[in-house]
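Take a look at the structure below.
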Amino acid sequence: MPDIPSQEKEIKLADLKVAKELWPFIKPYLWMLIFSTLLIFIVTFLELLMPLFIQKAFDGFIVPVGPENGILFFGFGIDSFQTFCILFSAFIFTLFVIDFFQTLFMEYTGQKIILNLRCLLFSHMTFLPVAFYDENSSGQLVSRVAGDVENMNEMFTSILIFIFKDIILMAGILVILYTIDIKLALYLSLLVPIIVISIGLFSKILRNTFRTIRQKIAEINHSFSEAISGIKVIQTTSSRNKFMQRFETLNFEHFTAALFQIKIFSIFMPFIGFLGVLSVAIILWAGSFDVIEKSLTLGELVAFLTYMKLFFRPLRDLSEKFNLLQSALASAERIINVLNTDKAKQRTGKKRHCIDKISTLTFDQVNFSYKKNKPVLTNISFRLNEGHSIGIVGQTGSGKSSIINLITGFYPPDDGNILINNINQTSVNIKDIRNRTALVMQDPLLFSGSVRENIKPSGLNLDALRLEKALHDANCHFLFERFSGLDTMIKEGGRPLSSGQKQLVCIARALAFNPDLIIFDEATSYMDSQSEQKVHDAMKKLMKGRLSIIIAHRLSTVKECDTILLLRDGIIREQGSHHELAALKGEYYHFLKKEKI
């Protein structure tokens with residue numbers, strides 16, 4: 001599974017690939033884009049008429065010194081300069097109204113595209129395999145959903161539409177310039193290849209620069225997120241200077257990349273401006289001779305210069321928007337790389353076996369490794385029946401938690417079979433397994449919100465009495481004595497509850513879930529004896545009549561289990577009940593002696 005940093009490599013034919021990958025998000029709003037494009041054509045056409053009004057004003061009213069001659073405009077005769085000014089004002093107002101609705105319509109379309117893109121990205125990430133999150137930091141992933149999507153928001157709502165509009169406007173201006181004076185238009189056309197080559201060159205440089213900038217922002221987010229989550233450790237171990245130095249290094253690297261982008265852009269913009277000034281000088285020099293020779297009217301020269309100014313305005317806009325477009329395309333590449341990451345194989349569908357209840361769980365000579373040629377579990381075999389419990393003990397790194405990852409389908413085994421009700425796990429609908437399995441972790445996780453929202457299983461309509469019973473069976477009396485019961489608000493990190501209290505609420509959540517299989521992963525670690533006793537009591541209530549797996553460091557936690565597995569280096573070294581293993585006087589017995597049980 002590739003991680004995010006390795007995905008920062010440039011995509012071949014990036015622009016075409018990005019456009020192709022973004023098409024599914026744009027397609028549902030195609031009719032809105034077509035309507036907006038139609039409005040763009042109308043606005044562009046009206047803007048192209050603007051210099052013609054100026055030409056008619058010069059040639060029909062200003063130069064002749066008097067309104068008696070009048071003008072003929074699109075077949076309509078206008079004799080009064082006052083009438084001309086009223087018509088011109090109405091033209092400006094119409095242009096404003098159409099441009100307003102076009103911008104509003106396009107902004108709405110862009111926001112809808114971004115809304116669906118952000119939701120799809122979040123949904124996709126919730127289905128990605130656990131291995132993806134093992135290899136990518138939360139800070140980098142947050143940067144995708146927040147920073148990169150917001151960066152693309154500008155592309156859909158302001159960049160693409162104006163780029164399209166400016167290109168149409170420039171093309172229309174070139175056509176009109178050739179109708180006014182072919183010779184002068186040819187002078188201007190000589191600059192077009194230079195402009196195109198310059199844009200292509202700066203495009204490649206800026207794309208790579210913006211890709212670096214977005215990557216550095218992701219690394220800064222990761223560093224900041226890591227520091228905030230470990231602020232107590234940083235302050236108590238005097239590690240502030242070390243973290244500050246690392247953050248300053250990342251920040252300076254981002255500053256350097258951003259500064260390089262500014263330098264490149266500061267060269268590009270003045271260069272485009274220089275081409276504009278140069279073109280005006282050439283046209284003034286050549287056009288003045290034509291006016292003197294009367295092959296060109298003053299109004300036509302003024303119109304030509306106005307169109308030139310209008311030509312270089314969208315060109316400057318393109319240069320500015322180009323800056324944002326390169327950043328947005330770099331973000332689009334990163335988002336597409338995440339969306340192209342294969343989802344976890346959910347093993348769902350009509351051909352899968354559906355189970356109403358988990359009655360047995362069997363491991364049959366299961367082998368597993370996270371990385372090739374580095375085995376974590378070797379030849380693991382055991383059977384767990386309904387109403388029975390298995391305790392798994394061993395030192396850190398012995399493979400205990402890896403068994404959980406296999407049961408819940410977070411990872412597939414390399415060899416061997418995992419059977420649910422004597423059916424191979426790969427043939428069972430994974431949702432049925434997870435919907436009937438509750439996992440109580442070493443670090444109790446509660447989400448921001450009320451206790452009611454935390455313990456109520458998704459999609460189940462449970463009344464307050466059943467929820468309160470779950471809290472009662474889990475020994476969560478403290479919620480009613482010290483807090484607001486089911487309405488107690490949980491903040492980030494489970495505040496204001498202690499570790500033991502959070503674990504009891506997690507057990508209440510498992511009780512409300514009413515699972516067939518319950519797994520405790522070091523559920524009593526880091527607790528005082530009083531809290532541990534309450535958790536043990538709640539665990540017994542939860543285990544009653546269910547399949548139970550208890551993973552623990554301390555043997556006192558598992559001694560009442562029907563079967564105990566002692567793991568070392570991913571291999572079951574001893575297996576049996578507490579009394580059977582104690583009688584063997586092997587590794588388990590030596591652990592008992594150390595704990596003085």
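Atom set for the values below is all heavy atoms of this structure, side chains included, hydrogens, waters and symmetry mates excluded.
Partner S369 forms a side-chain hydrogen bond (donor to acceptor under 3.5 Å, both in side chains) with one of T378, D414, D415 and no other, that one being D414.
A donor-acceptor pair under 3.5 Å is formed between the side chain of E453 and the backbone N or O of S450. For the pair S484 (side chain) and D487 (backbone), a donor-acceptor distance under 3.5 Å is absent. Within the 3.5 Å criterion, the main-chain N or O of I490 finds no donor-acceptor partner in the side chain of R495. For the pair R434 (side chain) and G409 (backbone), a donor-acceptor distance under 3.5 Å is present. Between the S36 side chain and the M32 main chain, no donor and acceptor come within less than 3.5 Å of each other. K400 contributes a side-chain N or O that, together with a main-chain N or O of Q395, makes up a donor-acceptor pair within less than 3.5 Å. Panel note: side chain Q503, backbone S498; no donor-acceptor pair is recorded below 3.5 Å.
You'll find the side chain of Y370 reaches within 4.5 Å of the side chain of N405, heavy atoms only. Taking the side chain as every heavy atom from C-beta outward, F96 and I92 never approach each other to under 4.5 Å. Proximity of I40 to T44: side-chain heavy atoms (C-beta onward) are separated by under 4.5 Å at one or more points.
More than 12 heavy atoms of other shown residues, nucleotides or ligands fall within 6.0 angstrom of atom OH in Y29. The number of heavy-atom neighbours closer than 6.0 Å to CZ of R482, taken from other residues, nucleotides and ligands shown, is 12 or below.
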Exercise. Determine, step by step, whether F478 and L504 satisfy the side-chain contact (heavy atoms from CB on, under 4.5 Å) criterion, reporting the C-alpha distance in whole Å, the side-chain angles of both residues, the deciding distance to 0.1 Å, and the verdict.
Key: CA-CA 10 Å; F478 60 89; L504 290 172; 3.7 Å; yes

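Rounding to the nearest 0.5 Å gives a distance of 13.0 Å between CZ of R246 and CG of N251.
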